[in-house]
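Position 1 is the first residue of the sequence, and the numbers go up from there.
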Amino acid sequence: MTEKALNGFNVSDISVKLNGRRYSFWKSASIHIAVGEFAREVTLTVSDDLESASAAGNLYMDAPISIICDEMTILTGYIDNVSVNYSGTSHDITIRARSKTCDLVDCSYDGDVQFNGQSARNTITDICRPFGIRVLWRCPDWTIGEYNANIGDTCAGIITEICKRGGVFYTDDENGNLIITNMTATPAVATIYNKPSSGASNVLR
């Protein structure tokens, strides 16, 4: 779904859904998705227009959002950063959002750090459960060997080590789920940037 949505996308087709409202007035967009990274990232800049920028002020840090491209969801997560730049006649707002799986990167693991002889699938599922992150398992399970993590290690760091021992990859999907897979059909890194030559129409839906 994501590959289809991003094939020749136009920034005017991208909208942010927050609290039931859709915001569609972006001047530029950058979308980064990668196998071997936990959280996809989208950066959007509002057009140099006071009305649109004022509407974008409704978008705030840590708010749960969905990013939609051509009516297809490409990211489900949270607003990670909002930066504002002012000038005499306008001000720009740049918004960065990351997948729900960003919690695994940002948070330390709070649990028993000894994983010796446990099922990799059950362990990763247990690590993700407190964050409401679903794990989509697309490879055979394996037993973790002798592995004692350090207190304070991030959830992502522990999952990375477990996946390394099983020779598999991790990534996320458009719904904020974590995918564990041994398939490499998806490009290792895909960064897509779009900025139309003429200003995108300013629409608040």
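- Only one option out of Thr171, Ile133, Ile179 pairs with Thr101 in a side-chain contact (heavy atoms from CB on, under 4.5 Å); it is Ile133.
- Separation of atoms NZ (Lys17) and OG1 (Thr73) is listed at 8.0 Å; rounding is to 0.5 Å.
- Looking at Cys128 and Ile159, their side chains come closer than 4.5 Å, going by heavy atoms from C-beta outward.
- Remark: Thr125 engages Arg121, Arg129, Val135 in a side chain to side chain contact (heavy atoms under 4.5 Å, CB included) (not counting sequence neighbours).
- Under a 4.0 Å N-O distance rule, the pair Lys100/Glu174 does not qualify as a salt bridge.
- Residues Phe169 and Leu136 fall into different hydrophobic clusters, defined by Ile, Leu, Val, Met, Phe, Trp and Tyr side chains chained together at heavy-atom separations under 4.5 Å.
- Counting only residues at least two apart or in different chains, salt bridge (Lys or Arg N to Asp or Glu O under 4.0 Å) contacts with residues 60-69 are absent.
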One pair to check against side chain to side chain contact (heavy atoms under 4.5 Å, CB included): Ile95 and Val16. What are the steps and the verdict? CA-CA 10 Å; Ile95 296 167; Val16 171; over 6 Å; no
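- Looking at heavy atoms from C-beta onward, Asn148 lies out of side-chain contact with Val113 at the 4.5 angstrom threshold.
- Taken together through direct or relayed side-chain contacts under 4.5 Å among Ile, Leu, Val, Met, Phe, Trp and Tyr, Ile74 and Ile79 form part of one hydrophobic cluster.
- The hydrophobic cluster containing Ile68, built from Ile/Leu/Val/Met/Phe/Trp/Tyr side-chain heavy atoms closer than 4.5 Å, comprises no other residue.
- Nearest heavy-atom pair, Ala120 versus Asp141, reported as atom, atom and distance to 0.1 Å: N-OD1, 3.3 Å.
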Worked check of side chain to side chain contact (heavy atoms under 4.5 Å, CB included) between Cys155 and Asp103: CA-CA 8 Å; Cys155 297; Asp103 284 338; over 6 Å; no
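- Linking ILVMFWY residues whenever their side-chain heavy atoms come closer than 4.5 Å, directly or via other members, places Val105 and Phe131 in the same cluster.
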As a quick check of understanding, evaluate side chain to side chain contact (heavy atoms under 4.5 Å, CB included) for Ile127 and Ile158, giving each step before the final call. CA-CA 9 Å; Ile127 292 173; Ile158 293 173; 3.8 Å; yes
Using side chain to side chain contact (heavy atoms under 4.5 Å, CB included), reason through Leu44 and Ile14 one step at a time and then give a plain yes or no. CA-CA 9 Å; Leu44 302 169; Ile14 294 181; 4.1 Å; yes
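- A single hydrophobic cluster is not seen to contain both Leu18 and Tyr78; linkage of ILVMFWY side chains at heavy-atom distances under 4.5 Å, directly or through other members, places them apart.
- Applying the side chain to side chain donor-acceptor pair (under 3.5 Å) test to pairs two or more places apart or on separate chains, those with a residue in residues 149-162 are Thr160-Tyr170, Glu161-Arg165.
- Taking CD1 of Ile31 as the start and CD1 of Ile33 as the end, the distance is 6.5 Å to the nearest 0.5 Å.
- Scanning both residues, Gly152 and Ser108, for their nearest heavy atoms gives O-OG, 3.2 Å.
- Of all non-hydrogen atoms in Arg138 and Asn182, the two that sit nearest each other are O-OD1, 3.5 Å.
- Phe115 is linked by a ring-ring contact (aromatic ring centres under 6.0 Å, His included) to Tyr109, Tyr147, counting only residues two or more places apart in sequence or in another chain.
- Ser99 is not listed as a side-chain neighbour of Leu178, based on a closest heavy-atom distance of 4.5 Å or more.
- In terms of heavy-atom proximity, Ile144 sits nearest to Ser119 at CD1-O, 4.3 Å.
- The shortest non-hydrogen separation linking Asp173 to Arg40 is CA-NH2, 3.3 Å.
- By the salt bridge (Lys or Arg N to Asp or Glu O under 4.0 Å) test, Asp80 is found to be paired with Arg96, Arg98, residues two or more places apart in sequence or in another chain being considered.
- Taking every heavy atom of both residues into account, Ile65 and Ala97 meet most closely at CD1-CB, 3.5 Å.
- Placement of Phe38 and Val42 in two distinct hydrophobic clusters is found when ILVMFWY residues are connected by side-chain heavy-atom separations under 4.5 Å, directly or transitively.
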